[in-house]
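I have placed the structure first, in the form of structure tokens, so that the comments after it can refer back to it.
So that the names make sense, note that chain A is the first sequence line, chain B the second, and so on, each numbered from 1. What you see is a predicted model, and the numbers here were worked out from it, not measured in a lab.
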2 protein chains.
Amino acid sequence: MKRTGFAKADCPVARALDAIGDWWSLLIVRDAFDGLRRFGDFQKNLGIAKGMLSARLHKLVELDVLELVPASDGSAYQEYALTERGRDLFPVVVGLRQWGEAHLYARGEARSDLVDQTGQPVGQLVLPSRTGRPLAWSDTKVRKAGARKR
Amino acid sequence: MKRTGFAKADCPVARALDAIGDWWSLLIVRDAFDGLRRFGDFQKNLGIAKGMLSARLHKLVELDVLELVPASDGSAYQEYALTERGRDLFPVVVGLRQWGEAHLYARGEARSDLVDQTGQPVGQLVLPSRTGRPLAWSDTKVRKAGARKR
DNA sequence: CAATATAGTTCTATAATAGGACCAGTTGCG
DNA sequence: CGCAACTGGTCCTATTATAGAACTATATTG
């Protein structure tokens, strides 16, 4: 009755969810995108149990999504910083954000916003074809592992 | 000791994860994108326990991500079809896929691919500014709920 | 109309999470 | 310097969630 795992799946979606698809990892990564770096900051901001946070941070470090670096304030403590692999999760977090914005808020309800450096709200995520044309779900299909090109 | 919830959070990422951030929901949605619609198809493809699947499908219907429709083969059974809200999860699933492709496969390891109708692999997800310029994480910031525009 | 397929529900054992107690090293302050 | 508070954990227990199997009702096939 061990929790089902997908670390060996053919499907990259399954592997990604196996790695970071638990209840906390993406919220920790979101906080890291917002500039949080210290154990206590994550703990306070998320209201997560310290044992959970410890386990998740260690797993994220092991996955090379976060790395331990010396504290930026010169103290003897350490901080958790996003790696390139962690920063590559940006589109995933933005995707969740935009879906949440579009479907989970009543009109006028308060929420945070993602803006660019000038304060302008960002646009919607776009999936381009190789030639740059925007693709919708119905323009795509999944080619199974090992399937020959035609 | 009830599982922490984020249904009322200010942050759309937290709300989105509260709704569909469990171990199974996004895999079910991925399968739906791949064309699966029947209870038994999901169950066979995912290897999920039937009780879990039943609970997840009901929750996804309640969230209006899936809807029950008459079976397309004319039988008396029903099928689970993606709603517009469900189809809007496409960028999230693609984001997870692209992150998994980039970071969770050894060179040469078999995996499925997302291609367009001509069989060409799709491009990377892009976050455009209002003016169409592509934005990276470091070009953006989160404006907290209720913060005044400047 | 009997056998099998579909779509579940219910039950139990195991695994994961929440919350708190506890603890060692670091820092701030008088 | 000396002590209190802060930081960053570990460990333990109660509760919740998940996996897997057994069971059931309705639909379909032969």
Side-chain angles (χ1 to χ4, degrees), chain A residues 1-9 14 17-29 31-32 35-63 66-81, chain B residues 1-9 14 17-29 31-32 35-63 66-81:
Chain A
M1 289 154 180
K2 209 160 118 196
R3 171 164 279 179
T4 318
F6 299 98
K8 302 289 178 54
L17 288 170
D18 188 73
I20 49 144
D22 62 89
W23 280 95
W24 289 111
S25 292
L26 281 172
L27 286 171
I28 293 169
V29 169
D31 276 2
L36 272 59
R37 296 167 69 101
R38 297 279 284 255
F39 185 95
D41 293 335
F42 290 115
Q43 207 256 316
K44 263 180 289 184
N45 193 56
L46 292 170
I48 183 178
K50 292 162 94 181
M52 269 290 91
L53 179 58
S54 181
R56 288 289 172 260
L57 287 172
H58 281 290
K59 190 181 173 194
L60 290 171
V61 168
E62 197 183 332
L63 281 168
L66 298 177
E67 62 184 340
L68 274 168
V69 300
S72 49
D73 61 1
S75 74
Y77 296 113
Q78 290 192 293
E79 297 182 344
Y80 294 89
Chain B
M1 290 158 179
K2 209 161 124 198
R3 171 163 278 178
T4 317
F6 300 98
K8 301 289 178 54
L17 288 170
D18 189 72
I20 50 144
D22 62 89
W23 280 96
W24 289 112
S25 292
L26 281 172
L27 286 170
I28 292 169
V29 170
D31 275 3
L36 272 61
R37 297 166 67 102
R38 296 281 284 257
F39 185 95
D41 293 334
F42 290 115
Q43 207 256 316
K44 263 179 290 182
N45 194 57
L46 292 170
I48 184 178
K50 292 163 96 179
M52 271 289 91
L53 179 59
S54 181
R56 289 287 172 261
L57 287 172
H58 281 289
K59 189 181 173 195
L60 289 171
V61 168
E62 198 182 333
L63 281 168
L66 299 177
E67 63 184 339
L68 274 168
V69 300
S72 49
D73 62 0
S75 75
Y77 296 112
Q78 290 192 294
E79 297 181 343
Y80 295 88

Check A:Ser25 against A:Arg56 and note the closest heavy-atom contact, atom names and distance. OG-CD, 3.6 Å

Where the side chain of [X] is defined as all heavy atoms beyond and including C-beta, which of [options] is the nearest nucleotide?
X       : options                : value
B:Met52 : D:dA27, C:dA7, D:dA19  : D:dA19
B:Ala49 : D:dA19, C:dT27, C:dT17 : D:dA19
A:Ser75 : D:dT28, C:dT27, D:dA19 : C:dT27
A:Lys50 : C:dA18, C:dA5, D:dG8   : D:dG8
B:Phe39 : D:dG8, D:dT18, C:dA7   : C:dA7

What integer distance in Å separates [X]:[atom1] from [N]:[atom2]?
X       : N      : atom1 : atom2 : value
A:Ile48 : D:dT10 : CD1   : P     : 13 Å
B:Lys2  : C:dG20 : NZ    : P     : 16 Å
B:Leu57 : D:dT18 : CG    : P     : 14 Å
B:Glu79 : C:dG8  : CD    : P     : 12 Å
B:Gln78 : D:dA25 : CD    : P     : 20 Å
A:Gln43 : C:dG20 : CD    : P     : 11 Å
A:Tyr77 : D:dA5  : OH    : P     : 15 Å
B:Leu53 : D:dA19 : CG    : C1'   : 13 Å

Any salt bridge between B:Arg38 and B:Asp73, counting N to O under 4.0 Å? yes

Heavy-atom nearest nucleotide on DNA chain C for A:Trp24 versus A:Gly74: which residue maps closer to 5'? A:Trp24

Start at the 5' end of DNA chain C and walk down; is the nucleotide closest to B:Gly40 or to B:Gly51 reached first? B:Gly40

Would one find a side-chain N or O of [X] under 4.0 angstrom from OP1 or OP2 of [N]?
X       : N      : answer
B:Thr4  : C:dA18 : yes
B:Ser54 : C:dG8  : no
A:Arg38 : D:dC6  : no
A:Arg3  : D:dA19 : no

If we ignore hydrogens and angles and just use 3.5 Å, is the side chain of A:Lys50 paired with the main-chain N or O of A:Gly40 as donor and acceptor? no

Test item: B:Glu67 side-chain N/O and B:Tyr80 main-chain N/O as donor-acceptor pair under 3.5 Å: no

Which part of the nucleic acid does B:Trp23 contact within heavy-atom distance under 4.0 Å: base, sugar-phosphate only, or nothing? nothing

Could you tell me whether B:Tyr80 contacts a base, only the sugar-phosphate backbone, or nothing, with contacts defined as non-hydrogen atoms closer than 4.0 Å? sugar-phosphate

Take B:Ala76 and A:Lys44, find for each the nucleotide of DNA chain D with the closest heavy atom, and name the residue whose nucleotide sits nearer the 5' end. A:Lys44

Using side-chain heavy atoms (C-beta onward) and a distance below 4.5 Å, is A:Leu53 in contact with A:Ile28? yes

Side-chain heavy atoms of A:Phe6 within contact of A:Leu17, under 4.5 Å: no

